[in-house]
Amino acid sequence: MNRHNKKLPLILRVALFFILPYDDMQNLSGDFEELYYYKRIHEGRIKAFIWVIGQIILSAPDFILNKIYWGVVMYKNYFKTTLRNLLKYKLNSSINILGMGVGLAVCFLLLMFIQDELSYDQYHEKAPRIFRLLNNDVMWCSPIEAELLKNNFPEIEEAARLLPRNKRQIQYKDKTFMETKFAFADASLFKIFSFNFLRGEPETALIDPYSIVITNEIANKYFGSENPVGKIIRIGNEYDYTVSGVIENIPNNSHFRFDFFATLENAEDIFGDFIYNIGWGNFPTYFLLKENVSTESLEQKFSKLFKDYLAERSIDAEINMTLMNIRDIHLYSDNPRQDMDPQSSIIYVIIFASIAVFILLIACFNYINILTANATTRLKEVGIKKVVGATRKQLVSQFLLEAVFQLVIAFTLAIILVLLSLPYFNSFTSKELEIDKLFIPGNLLAILGILFTTVVIAGGYPAKFISSFRPTLILKGLKSFAGTKYNFKRALVISQFTISIILTVCAVIMFRQLDFLYQSDLGYDKEFVIMSDVIDPENQQEFESLKQSLLKHSNISIVSSANRVPSGELNNYSGFHTRENSEEVNMAIVHTNYDYFDIFGISPVMGRLFSENMQTDAGESIILNESAVKILNLGDDPIGKSIYFNWVDDYRTVVGVINDFYFESLYSEIAPTAFVVQPSWCDKLIVKVKPGNIPQTLQFVEETWKSFYPEWVFEYRFVDERYEAEYSADQRTFKLMGYFTFLAIFIASLGLFGLVSLSTKNRIKEIGIRKVLGSSVTKILSLITREYIKWIIIAFIIAAPIAYYFMHKWLQNFAYQIQISWYDFALAGAFTIVVAVITVCWHSLKAARANPVESLRYE
Amino acid sequence: MKSITRQEEQILLAIHNLGDEAYLITVREKIKDFTGKYFSVGTIYAPLNRLDKLGYLETYYGDANAIRGGKAKKFYRITKQGYDALAEIKEQHDMMWQGLAIPKI
């Protein structure tokens, strides 16, 4: 028969190619050819064609179902083997999963943290155009800059000032509380920032004098379910304000979070002429710029304008104004602690990101190492599988599946760990992170990327590796894995320990630095000083009365008051210059009452302190610290010299010089500071008490205080507590660093542990022989551990310079730093070696002690 | 003993009947003789494949010719397990059908 022109048409053959199962492709094609041939002969070409099409359509479902069925069966089998393998090597599997789970959990937590930090102030609609004014990198401006600059520059669409006043007593009907998040604001503030108004209108909320906007939380606290709008609340027992709007609580990721915004429309009534005082530096100022405005040129124009403005008023000062976008404030401010709320720094974000990457790397390396080592013990299994006919594809997919499976379990474990630790992490970082923040699209991509890479490397690497070996060699035992790819494993372990050592060194140095900060002598006594409020500083007679009443108690030694108390921020600045040199110098100014310095144990190095006996002190005297004397170039005998003081627009006479002390904290250099007597400005009460029976003394203070201010709430703090709080941020970082170091070492040790257990298993025979030949347990132990110690030393050599570099940079944050010493490195190195040795010994000891008869018996 | 479907049972019996000549096309014809219907290629193939993997059938190749475009035929033969399975089915069958008189309603 002539076959050539009766072949199955090409189209149909192609169709068949897609439908038919791979295994039986050949004979089934042949069957179709045969059927077509006979159909064609008997019924003709067309009918045959149609018939085949019919057959294809009818058969397709069956073939496809058949494929699926066997696919499922195959995967059931894979699944079974995977599970079985997992359980067989329980120890190794759990180490792997644990290590990976912990690593992933850490990464997730840090991912959430970083993401939160980067999101500050992003939610404002006009955020790209909102800037904060900085004068010489200080965000505390005078009240006049906002209007001055807005009037002169059309590029500014809106300008607004804030005046944080922090503590105010608020009263509505029968509810009276001392609130700490109180601020005044220009009406235009709400045109700039996008706060969500639940009641009232942003545009008009603060236009009327004596209007105030409150947050939802406050509304609930004072008004319950009543509508607060239109109601009157009493502020500071003095002023009545009408609530004109309620906003949603300001989100956590904002650089200021006040509960009250009182209008500045009636500022003159409340502050008098001071609202025009250039020297009053308490006003964060914000600008909404028009689109596409260049900030650099604007900054220069601002600086020039303001310098000229001051010059017109005979003030000679260096003005360098800059604009910072609000989204950068949280992470890039020069003085994160000097802000309204403590801000953070991009450095921390970078540190945490690096730690996250490090720990994940360690965990991944572990995973790969152990999986690879594991695979080598299953050589026989692989050999047999290959002999029986497994394709490379099948072997690779099996290993990949195992890797994925373990990773899935690790992932679940990680999520559980995150959920468990989130409350602690939140309180630790003072945030309110939630688990669902983890799963936003941006993060998911990162997470998937991480997991995918791990799977590909951890699964693919051993798979590819093993599947390429000739089965006969494996089965005959001629090919063993003892030495192959040893370098890779070694490199991985060394990198893990390098990272661990870096972290340990950093932890040690951080600890020393913080300890140094705590132990350092601040130059004044902060113990046993209680701080409270003077409700009406203008009424000095009342204050005197209070003072005398308090002093009656035997436990109370000194009573005074001030505007700024050490351990707090020096937020008042003003311009000063000497008679000789009219160039103004910006310095901090503290308004005090008499006996201020006595409370803190500060004595003058020159001249005297303020005294009630000297009538002139109140209006004419000024005391400087040593730095102030230096910066004003007053020379060796400043006593009696005249200093011009911008705030009061007048000259004062220097009556004393005190030693420099750390008013704020050791984070900053000692600032040149001036002190004047101005009791009417001193709203903070300071009381020095004797040690012993403090609660009783406190109670007495409270009762006395309340007798003078019956309608007010008594609040107090100890000055040394306040001081400690300054360091809380770094304390936390240090603690976090400590935890992470521990984790890193833990994971790295896990890895070493697994590795050692495998390698000692392989070397049982060798050890047995050595023992037979007369080696002692100790000698064998040292033989095994020697190798690993070498690795640690290499890790140390690599880690040391890296750690040094990072710590050197970190220490630059501090005006006063410790010296990095070799001792830090020695400590870290020794610690790591000890941990590593213990890890290694765990298995090695067992192996070294094993009875050689047992180990060699197999032979 | 794994249970088999009715179709698989029919195919086993068809193969038994065909003796040495049992491949997909002849099995399909035989089923036609039994049941009166032509089933599609796929419908015949699926049970054959399953029976093969179950171990009730063994296969051998032969007879590549021009008509088939040069591709070999895959012949099927029932294995011992296959016959055991058939015997078991028959036993069950006889037991269940015993004494059954189809009522004339």
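Numbered from 1 within each chain, the chains take letters A, B, ... in sequence-line order. Because the structure is a prediction, the values reported are computed rather than measured.
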Check: Is the count of non-hydrogen atoms from other residues, nucleotides or ligands lying under 6.0 Å from L65(A) atom CG greater than 12?
Finding: yes
Note to self: Just so I know, are the side chains of L58(A) and T43(B) near enough to count as touching, which here means a heavy-atom distance under 4.5 Å?
What the structure shows: no
Margin query: Taking every non-hydrogen pair under 4.5 Å, which of S40(B), A46(B), G70(B), A72(B) racks up the most with chain A?
Written below: S40(B)
Note to self: Need one label for D31(A): side chain, backbone, both or neither, based on atoms under 4.5 Å from any heavy atom in chain B.
What the structure shows: both
Next item on the list: Would you give the length of the straight line joining atom OH of Y69(A) to atom NZ of K53(B), rounded to the nearest 0.5 angstrom?
Entry: 10.0 Å
Notebook entry, point to check: Around I46(A), counting heavy atoms of other residues, nucleotides and ligands shown, do more than 12 lie under 6.0 Å from its CD1?
Noted result: no
Next item on the list: Look up atom CG in L48(B) and atom CG in D24(A), then write down how far apart they are to the nearest 0.5 Å.
Entry: 9.0 Å
Checklist line | L28(A) vs L24(B), side-chain contact (heavy atoms from CB on, under 4.5 Å): CA-CA, chis, key distance, verdict | finding: CA-CA 8 Å; L28(A) 281 172; L24(B) 189 137; 3.5 Å; yes
Checklist line | Worked check of side-chain contact (heavy atoms from CB on, under 4.5 Å) between Q26(A) and K74(B) | finding: CA-CA 9 Å; Q26(A) 291 299 311; K74(B) 191 170 179 181; over 6 Å; no
Margin query: Restricting to non-hydrogen atoms, name the atom on P21(A) and the atom on Y45(B) that form the minimum distance, rounded to 0.1 Å.
Written below: CG-OH, 3.4 Å
Note to self: If I take atom CD1 from residue I25(B) and atom CG from residue L35(A), how far apart are they, to the nearest 0.5 angstrom?
What the structure shows: 3.5 Å
Next item on the list: Determine the minimum heavy-atom distance between V41(B) and Q55(A), stating which atoms define it.
Entry: N-OE1, 2.7 Å
Checklist line | Non-hydrogen atoms of N27(A) and R68(B) that approach each other most closely | finding: O-NH2, 3.0 Å
Notebook entry, point to check: Can you check side-chain contact (heavy atoms from CB on, under 4.5 Å) on N65(B) and E33(A), steps first, answer last?
Noted result: CA-CA 11 Å; N65(B) 55 39; E33(A) 295 265 6; over 6 Å; no
Checklist line | Pairs flagged by ring pair (Phe, Tyr, Trp, His ring centres under 6.0 Å) wherever residues 20-42 of chain B is involved - sequence neighbours left out | finding: Y23(B)-F75(B)
Notebook entry, point to check: Which residues in residues 90-98 of chain B have any heavy atom lying under 4.5 Å from a heavy atom of chain A?
Noted result: none
Next item on the list: Could you look at R50(B) and say if it's the side chain, the backbone, both or neither that has a heavy atom under 4.5 Å from chain A?
Entry: both
